[in-house]
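One structure is given here, and the rest of the page talks about it.
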Amino acid sequence: MSCEFIERYLDKLYAGDMNRTDRKELNRHCDSCEECRHRSEKILNGSSYIKDVILDVNVPPSLSYSVSNSIMERGQKNRRAMNIKRYLAAAAVLLVVISSSIYYFTRNMGQNGLTSQGNNLSGPGIAVPDKDQMPAELSNVLKSYIKEKYGTTTKNGQVFVSLDVFGTDEKDGAVKVYLWALIQEYAWVQGLIEEGGSSIPMVIELEKSGNEYTPKSVEIPRDGTYYPEDVKKLFPGSYREKVSARQGNVFDLEQQNKQQAMEYFKSNTTPQNGASIQKTIADFLDIYGWHSNGAEYTQNIKIPLTFVDKPGEIPAGLYFAYNNVLSKSIGYDMERYKGMDVKAHIINLKEEFGEGPNKNVRAIVIEVAGSIGGAWLDRGRSGYLASLDKKYFGDITGKSWGQWLIDEGLVDYSQKGFEGKMNKLTPEEVIQKYYDTIAKKDFKSAFSMLAKSNQMGYLYINMPDDKLYNDDSQSYYGGLENITSVKVSGIKEYNLEITEIPDKTFNRLIFARKQYQVDTDMTFKQEIVRSNGSNPWFIGMVKESSNAPWLIEGIGTGP
Amino acid sequence: MDEVVKQMSSGNSEAFCDVVKLYEKKIYSYLYRLCGSREDALDLAQDTFLKAYSNLHRFRTGMDFKPWIYRIAHNNYVNHIKLKKVLVDIDTEDFTDNITPLDIVLGKDRKTAIEGIVNNLPYKFRAVFLLRIIDDLSFREIGSILKISESNARMRYLRVRKKIGELLEGGDLL
């Protein structure tokens with residue numbers, strides 16, 4: 001580049017913020033300098049091209065449709081119910097005055113160490129702790145009052161309330177509490193189901209009498225076009241921001257309600273025939289011909305919020321997705337318990353089942369609130385198995401594992417993230433990238449280059465007897481951490497006649513498979529099994545479906 | 001546009017639906033490029049427009065609608081990653097090491113390479129870059145949305161834009 005005139009404008013060209021004078025001067029120069037003209041055009045066209053690339057996204061048609069529908073509906077109806085089914089109507093407001101003798105809270109919060117941690121509100125007002133530290137008395141008073149006012153139920157339901165208290169204001173002995181309430185009805189019908197709910201900003205006035213406060217009245221914004229003006233009237237400026245932020249954003253409150261509902265039904269649901277849960281489970285397994293050999297364990301576990309695979313993470317979501325197929329086939333769908341704490345009963349069985357040398361079977365029964373919420377069979381450390389009525393994954397879904405993952409939206413090979421990129425690589429490039437990521441100590445990326453069924457297998461490696469699966473990340477990455485350096489010196493395809501072993505548990509219909517001999521130079525922190533220097537490997541590569549990327553099926557020291 | 005915004009801010013639902021059509025591609029693209037999931041981007045975009053509609057009373061004629069809607073979208077995204085406890089490099093102040101040349105080399109075409117670079121940017125660089133490239137927001141507006149200074153927003157954008165140019169120097173356009 002010989003002409004340096006353009007250098008002074010480069011930042012502005014790239015940033016796209018040249019003013020008129022700059023542009024004029026540059027244009028004048030470019031009229032006589034082909035080099036600078038070409039370079040400036042390249043930058044400007046480049047920005048335009050990048051914009052096209054970034055906007056080259058297919059917008060789901062449902063976006064404007066659902067937004068428009070919702071807006072038109074809201075224009076006529078209630079603005080308050082956001083993402084919650086609008087089963088409970090505000091029309092059900094009951095003018096029930098809550099008994100002041102039952103619900104009260106005192107101002108001795110300081111004794112609980114709470115006052116000092118409270119929000120410091122401007123102006124007069126009691127120090128109110130933030131929502132996470134709110135005393136149970138205050139919370140219960142408000143919840144009960146709201147429940148009385150707005151909670152109506154169907155025949156089997158119970159109403160649960162969760163709050164986000166924005167703050168309080170005290171004047172002439174009356175305290176106003178500004179909050180957002182999520183009111184939901186849950187019922188137990190072979191599991192927890194949500195019947196509907198409301199999501200409402202409100203101001204509750206409490207009457208002070210001595211050291212006690214009693215709910216006196218509640219105000220909520222009116223619907224439709226009155227809503228904005230009412231919010232403005234009811235809420236001070238700082239709380240209006242919080243009201244806005246809460247609209248359509250009550251996920252955390254939903255989780256709280258769900259947990260409350262679980263606790264409620266747990267203590268109010270009697271196991272069948274009044275028997276203990278162990279007896280209930282034993283009777284349940286007996287229906288399918290299974291009986292405990294006496295080795296039983298329980299594990300408290302959280303069912304993942306989503307079953308969708310997260311590249312690089314331990315595939316707990318896929319574990320539950322897979323086993324839910326088995327569980328659903330006997331009528332127990334665990335989808336409804338996503339994000340919830342449940343108890344897993346792990347029962348080693350007397351009876352044998354399955355193929356291969358190890359025919360030992362475990363029954364896994366998920367207990368939710370004292371009832372059975374899910375169940376399936378596995379083979380302990382030998383891995384996955386079948387439903388309680390002995391149906392395999394493929395028998396139930398009629399699909400291969402790889403295709404099922406795609407059809408269920410549990411993996412997204414088309415997205416432009418990690419797996420999107422993987423999808424464009426040849427098997428050799430995947431192998432190269434695998435070792436490159438190990439060299440960079442990026443073990444999560446390395447793990448995500450394993451085939452999904454291979455990743456799933458890791459859940460059972462070194463699994464303790466009392467666990468559903470091994471959630472110790474050391475089992476996944478521990479071996480790789482011993483590698484201090486690795487460099488690939490050669491990758492060549494190794495022609496091998498592969499005898500496909502039918503795999504009923506994953507019903508794998510491999511779309512394509514290749515074997516490679518990979519020469520590497522490696523050094524280790526500790527020379528345990530392998531030594532520093534040249535290390536050859538045999539790597540099996542698979543495409544688990546036509547849409548899936550090439551991924552690593554197995555790594556061994558021999559073909 | 002001004003007329004549409006005027007009608008919309010006076011509570012005309014149909015006018016607002018027109019605004020949704022004008023912005024849906026850009027807002028969806030912004031959110032999709034930020035979170036990498038079509039499903040999440042759809043939820044967040046829907047929520048963005050609904051929140052905007054619910055808050056129209058806060059929007060006054062004469063205000064610029066564009067930065068306002070992007071601010072809602074961005075706040076939505078931030079809430080989303082907090083609620084889902086998604087790990088985002090929210091405090092990362094540099095990005096040099098995050099762009100892996102291998103990604104570029106392995107990109108079969110320029111489009112893939114650009115997407116690869118953008119996807120690998122730390123969150124704050126990515127947000128700045130997208131807001132500028134998608135809808136030409138001013139650096140002052142971007143700074144206000146992301147709570148960084150105008151000069152910082154410009155610096156971040158420049159670094160990314162130049163990096164894309166450099167990494168793909170061999171191409172015809174960049």
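Residue numbers begin at 1 in each chain, while the letters A, B, ... track the order of the sequences.
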Original post:
Which atom pair, heavy atoms only, marks the closest approach of B:I133 to A:S47?
Top reply: CD1-O, 3.7 Å
Original post:
Hey, what do you get for NZ (B:K25) to CG (A:L63), rounding to the nearest 0.5 Å?
Top reply: 11.5 Å
**OP:** For A:I43 and B:R161, run side chain to side chain contact (heavy atoms under 4.5 Å, CB included): C-alpha distance rounded to whole Å, both residues' side-chain angles, the deciding distance at 0.1 Å, then the answer.
**Re:** CA-CA 10 Å; A:I43 292 169; B:R161 177 64 189 83; 4.1 Å; yes
Original post:
What closest approach, in Å, do A:A15 and B:Y157 show between heavy atoms, and which atom pair accounts for it?
Top reply: CA-CE2, 3.7 Å
Original post:
Crowded around B:R140 CZ? As in, over 12 foreign heavy atoms under 6.0 Å?
Top reply: no
Original post:
What's the spacing between A:R246 CZ and B:N79 CG if we round to 0.5 Å?
Top reply: 9.0 Å
Original post:
Side chain, backbone, both or neither: which part of A:D52 has an atom under 4.5 Å from a heavy atom of chain B?
Top reply: neither
Original post:
So which of A:I54, A:V243, A:N58 has the biggest tally of heavy-atom pairs under 4.5 Å with chain B?
Top reply: A:I54
**OP:** Calculate, to the nearest 0.5 Å, the distance between atoms CZ and CG belonging to B:R132 and A:D17 respectively.
**Re:** 5.5 Å
Subject >> Which atoms of B:I72 approach chain A - backbone, side chain, both or neither, heavy atom under 4.5 Å >> reply: neither
Original post:
Going by heavy atoms in the side chains, are A:D56 and B:E115 under 4.5 Å from each other?
Top reply: no
Subject >> Rounded distance [0.5 Å steps], OG in B:S37 versus NZ in A:K310 >> reply: 11.0 Å
Subject >> For B:E24 against A:V59, the heavy-atom pair lying closest together >> reply: OE1-CG1, 4.0 Å
Original post:
How far does OH of A:Y49 sit from CD1 of B:I164, to the nearest 0.5 angstrom?
Top reply: 11.5 Å
Original post:
Counting only heavy atoms not in A:K487, do more than 12 sit closer than 6.0 Å to its NZ atom?
Top reply: no
**OP:** Over all heavy atoms of both residues, which pair between A:V67 and B:Q46 is shortest? Give the atoms and the distance, please.
**Re:** CG2-CA, 3.8 Å
Subject >> A:V57 vs B:R33 side-chain heavy atoms within contact, under 4.5 Å >> reply: yes
Original post:
So which part of B:L158 gets closer than 4.5 Å to some heavy atom of chain A, the side chain, the backbone, both or neither?
Top reply: side chain
Subject >> Portion of B:F129 that has a non-hydrogen atom of chain A nearer than 4.5 angstrom >> reply: side chain
**OP:** Measure the spacing between CG of A:L13 and NZ of B:K162 and express it to the nearest 0.5 Å.
**Re:** 10.5 Å
